[in-house]
Amino acid sequence: MDSKKEVVLILSGGLDSSTLLYKLLDEGKDVTALSFNYGQKASIEIERASEICKMNDVNHFVFDIQNIVDLLSSSLTDKDNDNVQEPINTVVPSRNTILLELATAFAISNEKQEVYYGAIKADIGDYPDTTPEFLKQINELNKVNNYEYIPICAPFINTDKKDVVKEALKLGVPIEKTWSCYVNNDGTPCGECFSCRSRIKAIEEAKKELGMD
Ligand SMILES: [Zn+2]
C-alpha cells in the first residue's frame with residue numbers, strides 16, 4: 001500500500017489556506033499545519049487555525065517569531081498604521097519568502113515531502129509574493145539552497161477568490177470559523193478593510209453562482 005504523502009501547510013486561519021487544508025485532506029495527504037505569529041495585529045487568526053486543525057485531527061504547530069516584527073513595516077503589523085484599504089499598505093515585506101523558507105526548513109527537518117501555501121489569484125492588485133512568477137522563482141531557490149529539493153506548491157495560485165469559496169462550500173470548510181479581517185481581533189470582523197471586502201464579495205458571488213443566495 002502506498003504510504004500517504006506527508007506535507008506541510010502554512011495555515012493562517014484565513015479562508016484560502018483553510019480551504020487548501022480541506023483540499024489536501026480530501027486528496028488523502030498527511031498534513032502538518034504551521035502557523036506563525038509574526039506580530040500581526042489580528043492574531044485571532046492563529047486561534048482559528050488551531051480550532052480548524054482540532055476539528056480535523058491535524059497536527060498543528062504555532063511558531064512565535066514576533067521578535068521580527070520590527071523588521072516588517074506594514075499596516076498589518078504597525079500599531080500606528082491603520083491603512084488597510086489599499087492592498088499595497090498591507091504587504092508585509094518579504095513575508096511569504098520568510099515563512100515559506102521556515103516551512104521548508106521544517107519539512108527537511110521532519111522528513112516531509114512538500115510545502116503548501118494558500119496563494120490565490122488576486123482580484124484587485126497583486127501581492128508580489130503570491131504570483132506564479134514568485135512561485136517559480138522560490139522553487140528555483142529551493143532547488144539550490146539545500147541538499148534536497150522540497151517543492152513549494154500553491155494549487156490556488158490561478159484561482160480567484162470566488163472559486164476558492166466555491167471549493168470551500170463543496171469541501172465543507174467551516175467558513176464562519178476562518179478569519180480574514182486585518183483590523184479587529186475580537187471575533188467580529190470589521191467588514192470594511194480590504195480583506196473583509198474581498199471576502200464578502202467572493203462569498204456573495206460564489207453563493208449566487210451556486211444558487212445558494
Ligand atoms: Zn476587516
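Counting convention: from 1, in listed order, for ligands and their atoms alike.
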Colleague: Using the test side-chain contact (heavy atoms from CB on, under 4.5 Å), find all partners of Thr104 that sit at least two apart in sequence or belong to another chain.
Modeller: Glu101, Ile108, Val115, Asn142, Asn146, Ile150, Ile152
Colleague: Could you tally the protein N/O/S atoms lying less than 2.8 Å away from the Zn ion (ligand 1)?
Modeller: 4
Colleague: Would you compute the distance between atom CD of Glu167 and atom CG of Asp16 and round it to the nearest 0.5 angstrom?
Modeller: 11.5 Å
Colleague: Could you tabulate the donor-acceptor pairs under 3.5 Å formed by side-chain atoms of residues 58-68, not counting sequence neighbours?
Modeller:
from: His60; atom 1: ND1; to: Ser50; atom 2: OG; distance (Å): 3.2
from: His60; atom 1: NE2; to: Ser35; atom 2: OG; distance (Å): 2.7
from: Asp64; atom 1: OD1; to: Gln66; atom 2: N; distance (Å): 3.0

Colleague: Check this for me: does any side-chain nitrogen of one of Glu209 and Lys166 sit under 4.0 Å from a carboxylate oxygen of the other?
Modeller: yes
Colleague: Rest of the hydrophobic cluster containing Ile44 (Ile/Leu/Val/Met/Phe/Trp/Tyr, side-chain heavy atoms under 4.5 Å)?
Modeller: Trp179
Colleague: Taking Lys143 first and then Glu140, would you say they form a salt bridge - that is, a charged N and a carboxylate O separated by under 4.0 Å?
Modeller: yes
